[in-house]
Amino acid sequence: MLEPFFRWLGDFEASKVIGESLWIYPTIQAFHLVFLAILAGALLIVDLRLLGKGMIRQSVEQVARDAMPWLLIGLVGMVTTGVPQLMSNWSRQYHSEFFWQKMYFLTAALIFTFTVRHFMTRQHTVGGTTAGQKIAGLVSIFLWGGVVVSGRLIGLFT
Amino acid sequence: MAEFLAPLRGLFEYVNELPTSIQIRESQYFSPYLTVSHVVVMAIVAGLVLMMDLRLMGLANMRTPFTELQRRLFPWQMFGMTLAGITGLTLTYSDPMRFYINIFFWMKMLMLVLAALNAMAFHYTTYYSVASWDSSQAPPLGAKLSGAISVVLWTMIILAGRLIPYNWFA
């Protein structure tokens with residue numbers, strides 16, 4: 001259904017330049033992982049806090065507010081380095097079941113992070129956390145973990 | 001490959017012939033799933049190390065005292081580091097000659113050593129005066145420097161690690 005869109009992405013001059021260069025694609029791929037680390041750090045520091053671990057002397061809200069700019073930097077970096085990979089390698093991605101699995105996990109993770117998880121971090125909790133907050137932390141780790149695992153599998157199996 | 005690595009060649013060649021090394025190398029699923037696990041634990045380790053580095057640089061988590069952040073994140077960093085070590089060593093064990101001839105692999109190893117030395121240097125210098133800047137919004141130059149060096153090294157560790165499959169300089 002989305003094939004024309006993918007084909008359109010691949011038709012850009014930039015897509016061909018990236019695809020034909022020996023080093024541009026690998027370099028973008030490598031920076032995708034650097035931004036993954038930033039994103040993972042910003043997510044985990046909050047998820048651990050939601051689980052009642054990590055920096056338990058600070059309120060959940062404070063930890064989450066402080067991590068938010070880095071969560072956004074990580075996300076913007078992931079998209080900026082992810083889209084060019086899709087452009088130059090659209091056919092492989094389009095036909096990879098792991099690519100679609102990643103997109104489903106990503107959609108769920110993004111929605112969850114900015115709705116339920118966001119709400120759970122806005123409760124003024126100091127010290128121990130509620131059952132709802134713990135579940136939110138676990139769900140966040142599961143969904144984002146799913147994004148990472150299926151993302152890495154795209155390159156290993158087609 | 002550089003001459004100073006030559007003494008290691010025998011070890012890598014020896015491991016290369018071990019039955020378990022060959023078994024993992026020839027299995028269809030073991031290596032890919034090890035690679036995936038290595039990336040997941042990398043995200044945990046590097047992510048939490050970067051959060052601490054950014055705090056040292058005065059760029060993130062500024063409302064949390066440094067010692068609090070360091071103390072609470074340390075067990076998780078070590079947990080991730082242990083898993084990264086296990087998955088990484090197993091990957092190397094399963095195909096040693098592929099890594100022995102790879103410049104990115106050795107760059108990554110060197111950066112890991114430098115990152116450890118940087119952490120130790122920080123621990124034995126700037127960290128002594130931590131009480132005076134623990135909650136400060138402007139960490140001292142030494143702290144900023146340690147944080148910045150760590151960010152650069154960990155970025156290079158990730159980049160070199162991901163580039164291992166592209167052995168451009170073989």
Side-chain angles (χ1 to χ4, degrees), chain A residues 22-49 51-59 61-71 73-74 77-78 81 98 141 144-158, chain B residues 28-55 59-77 79-80 104 108 135 151-152 154-169:
Chain A
L22 267 184
W23 60 271
I24 300 179
Y25 188 86
T27 307
I28 292 173
Q29 219 174 27
F31 274 100
H32 196 59
L33 284 194
V34 174
F35 284 108
L36 164 66
I38 296 174
L39 178 65
L43 284 166
L44 272 175
I45 208 168
V46 180
D47 288 339
L48 285 174
R49 182 63 190 85
L51 288 169
K53 314 267 180 208
M55 304 179 316
I56 46 171
R57 282 201 203 166
Q58 322 299 315
S59 76
E61 184 181 17
Q62 183 209 308
V63 175
R65 278 192 195 275
D66 284 359
M68 186 51 89
W70 294 95
L71 178 71
I73 290 170
M78 289 304 268
T81 51
F98 294 114
I141 291 172
W144 286 106
V147 176
V148 180
V149 169
S150 30
R152 191 61 192 83
L153 284 171
I154 301 171
L156 296 168
F157 299 103
T158 28
Chain B
Q28 195 186 344
Y29 291 106
F30 208 75
S31 289
Y33 284 107
L34 266 177
T35 307
V36 174
S37 314
H38 194 63
V39 171
V40 172
V41 293
M42 174 285 280
I44 299 173
V45 180
L48 293 178
V49 168
L50 285 175
M51 283 298 117
M52 201 174 72
D53 294 340
L54 292 170
R55 173 66 183 80
L59 295 175
N61 313 304
M62 291 313 289
R63 285 184 286 174
T64 308
F66 174 73
T67 49
E68 175 68 7
L69 187 122
Q70 194 262 346
R71 199 160 56 96
R72 302 287 183 184
L73 293 189
F74 187 72
W76 299 97
Q77 292 165 343
F79 166 73
F104 292 120
K108 180 178 173 181
S135 298
V151 168
V152 171
W154 278 95
T155 301
M156 290 173 77
I157 289 166
I158 299 170
L159 293 177
R162 188 58 189 87
L163 289 173
I164 288 173
Y166 305 96
N167 199 14
W168 293 321
F169 310 108

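Computed from a prediction, not measured in an experiment: that's the story for all the values here. Every chain is numbered from 1, with letters handed out A, B, ... down the list of sequences.
In this structure, the side chain of W70(A) does not engage the main chain of L54(B) through any donor-acceptor pair within 3.5 Å.
Note that CD1 of I56(A) is 7.5 Å distant from CD of E68(B), once rounded to the nearest 0.5 Å. With rounding to the nearest 0.5 angstrom, the CG atom of L73(B) is 14.0 Å from the NZ atom of K53(A). One distance of note links CZ of F35(A) with CD1 of I158(B); it measures 10.5 Å at 0.5 Å rounding. Put simply, CG on L48(A) and CE on M51(B) are 12.0 Å apart, with the number rounded to the nearest 0.5 Å.
Proximity to chain A (any heavy atom under 4.5 Å) is shown, for L69(B), by both the backbone and the side chain. Of the two parts of Y33(B), only the side chain, counted from C-beta on, holds a non-hydrogen atom closer than 4.5 Å to a non-hydrogen atom of chain A. Heavy atoms of M52(B) lying under 4.5 Å from chain A are absent altogether. When heavy atoms are compared at a cutoff of 4.5 Å, L48(B) approaches chain A by way of both its backbone and its side chain. Both the backbone and the side chain of L159(B) come within contact range of chain A, each with at least one heavy atom under 4.5 Å from a heavy atom of that chain. Using a 4.5 Å cut-off between heavy atoms, I157(B) makes no contact with chain A at all.
Ranking S31(B), P32(B), A46(B) against chain A, the residue ahead of the rest is P32(B), based on heavy-atom pairs under 4.5 Å. Note: M55(A) leads R65(A), M55(A), H32(A) in heavy-atom pairs under 4.5 Å with chain B. The candidate from I45(A), T27(A), V148(A), L33(A) with the greatest count of non-hydrogen atom pairs under 4.5 Å with chain B is L33(A). Interface summary for chain B: among P69(A), A42(A), A67(A), G145(A), the most heavy-atom pairs under 4.5 angstrom belong to A42(A).
Within the 4.5 Å cutoff, the side chain of M42(B) has heavy atoms near those of the L36(A) side chain. Taking 4.5 Å as the limit, every side-chain heavy atom of R72(B) sits out of range of all side-chain heavy atoms of R49(A).
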Worked verdict on R152(A) versus T35(B) for side chain to side chain contact (heavy atoms under 4.5 Å, CB included): CA-CA 8 Å; R152(A) 191 61 192 83; T35(B) 307; 3.8 Å; yes

Residue pair R63(B), Q58(A): steps toward the side chain to side chain contact (heavy atoms under 4.5 Å, CB included) verdict: CA-CA 8 Å; R63(B) 285 184 286 174; Q58(A) 322 299 315; 5.5 Å; no

Side chain to side chain contact (heavy atoms under 4.5 Å, CB included) assessment of N61(B) paired with V63(A): CA-CA 7 Å; N61(B) 313 304; V63(A) 175; 5.8 Å; no

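Other residues, nucleotides and ligands place more than 12 heavy atoms under 6.0 Å from the OH atom of Y25(A). Surrounding OH of Y166(B) are more than 12 heavy atoms belonging to other residues, nucleotides or ligands, all under 6.0 Å away.
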